[in-house]
Amino acid sequence: MGLVSSASVLQTTSAPVVNRANPIAVGTIVWLGSEVMFFAGLFAIYFTLRGVAPELWEQETAILDVPYSLVNTIILVSSSFTCQFGVFAAERLQARATSWKPWNWGMVEWFYLTYALGAIFVAGQVLEYANLVSEGVTLSSNSYGSIFYMTTGFHGLHVTGGLIAFLLVIGRAYAVKNFGHREATSAIVVSYYWHFVDVVWIGLFAVIYLLK
Amino acid sequence: MRANYVVLLAVAAWCFLAGAVYIVWSLLDVGTVEWAGTTALLLTGVLAVFVAFFLWRSHRAQGGELPEDRLDANIDDGDPELGFFSPWSWWPIGLAASAALVFLGLAAGYWIAFVGVALFLVMIVGWVYEYYRGYFAR
């Protein structure tokens, strides 16, 4: 018995401490890979329909309000930056602000700001949908309407899901006495998701609004 | 870990080589590039490089060899802090039921979806905060 225990003691003293990749971060990235394929499918539908009916696209894309959507895009892209500042705060395990100045903000304040920007984006999308429906572009009007609402709508649902995730992560920061690495990890993986949704929107904006 | 990424790099090299041969062969045979197969072969190589690059960076960042890569390691040397895993939980079942109700509502009658959303709010909060309340509060 003495031999067995001394052998394992030797192992622990000789084996170096190994930093494994965080399994939650890796799992999130793998899942986001499957999300990429989901949106790739939607892009494929868009290009296929457009290739089949170019004259329909010529007529329907003229209705789009590009400057309006550009402002909305800038709001969403800026939310990725505020989200990343929240992650930097989470990585130094700072949940709350130490003063009103933005460079002293904690994760919670940055994520509230991100939430507000994301909510403005979704509200802007709803307003844009209302305008387009009044112009006669609906989910069932024609193939352009279908794929327009399918792509931007699924993206909008993802943004909404991200908003719920931000609230849950903010709630975790309030729920614990000491903000630790577990809470920081959930903040980091939600930021991965948020950046992904943001990049998908940049792709959608370029394809739907710029490549008219 | 080194063997892992060397194998993946070999897979990538083979895919790039096969892709190049495929392009040349189809040019000689039919005079045009066959895009579906060419894209599939080259992107398979890119995917292998992705995973190889990730493993290479992980290997450099981990500051030593994993126990499973050492001939002198014991089984229990591979029991470091891998993360927190819930031993069991009822919440995901309720969460799945709420999602099922939402989709049932979309298909059969919108009022069911509202019940599903209400159930979802309860279940997602219960699941996310399961280890933040009661005995587990910290």
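Lettering follows sequence order; numbering is per chain, from 1. These figures come from a predicted structure and were not determined experimentally.
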Which portion of Ala175(A) sits near chain B, non-hydrogen atoms under 4.5 angstrom = both
Side chain, backbone, both or neither: which part of Ala61(B) has an atom under 4.5 Å from a heavy atom of chain A?
-> backbone
Heavy-atom distance under 4.5 Å to chain B: side chain of Leu167(A), backbone, both or neither?
-> backbone
Closest approach of Tyr129(B) to Leu168(A) (non-hydrogen atoms, all atoms of both residues) | OH-O, 2.6 Å
More than 12 heavy atoms from other groups under 6.0 Å of CZ on Phe81(A) | no
Evaluate whether atom CD of Glu58(A) has more than 12 neighbouring non-hydrogen atoms of other residues, nucleotides or ligands under 6.0 angstrom away.
-> no
Do other residues, nucleotides or ligands put more than 12 heavy atoms under 6.0 Å from the CH2 atom of Trp127(B)?
-> no
Is the count of non-hydrogen atoms from other residues, nucleotides or ligands lying under 6.0 Å from Arg92(A) atom CZ greater than 12?
-> yes
Okay, side chain of Arg172(A), backbone of Val128(B): is any donor-acceptor separation there less than 3.5 Å?
-> yes
Would you say Trp25(B) has more than 12 foreign heavy atoms packed within less than 6.0 Å of its CH2?
-> no
Side chain to side chain, Phe54(B) and Val26(A), heavy atoms closer than 4.5 Å | yes
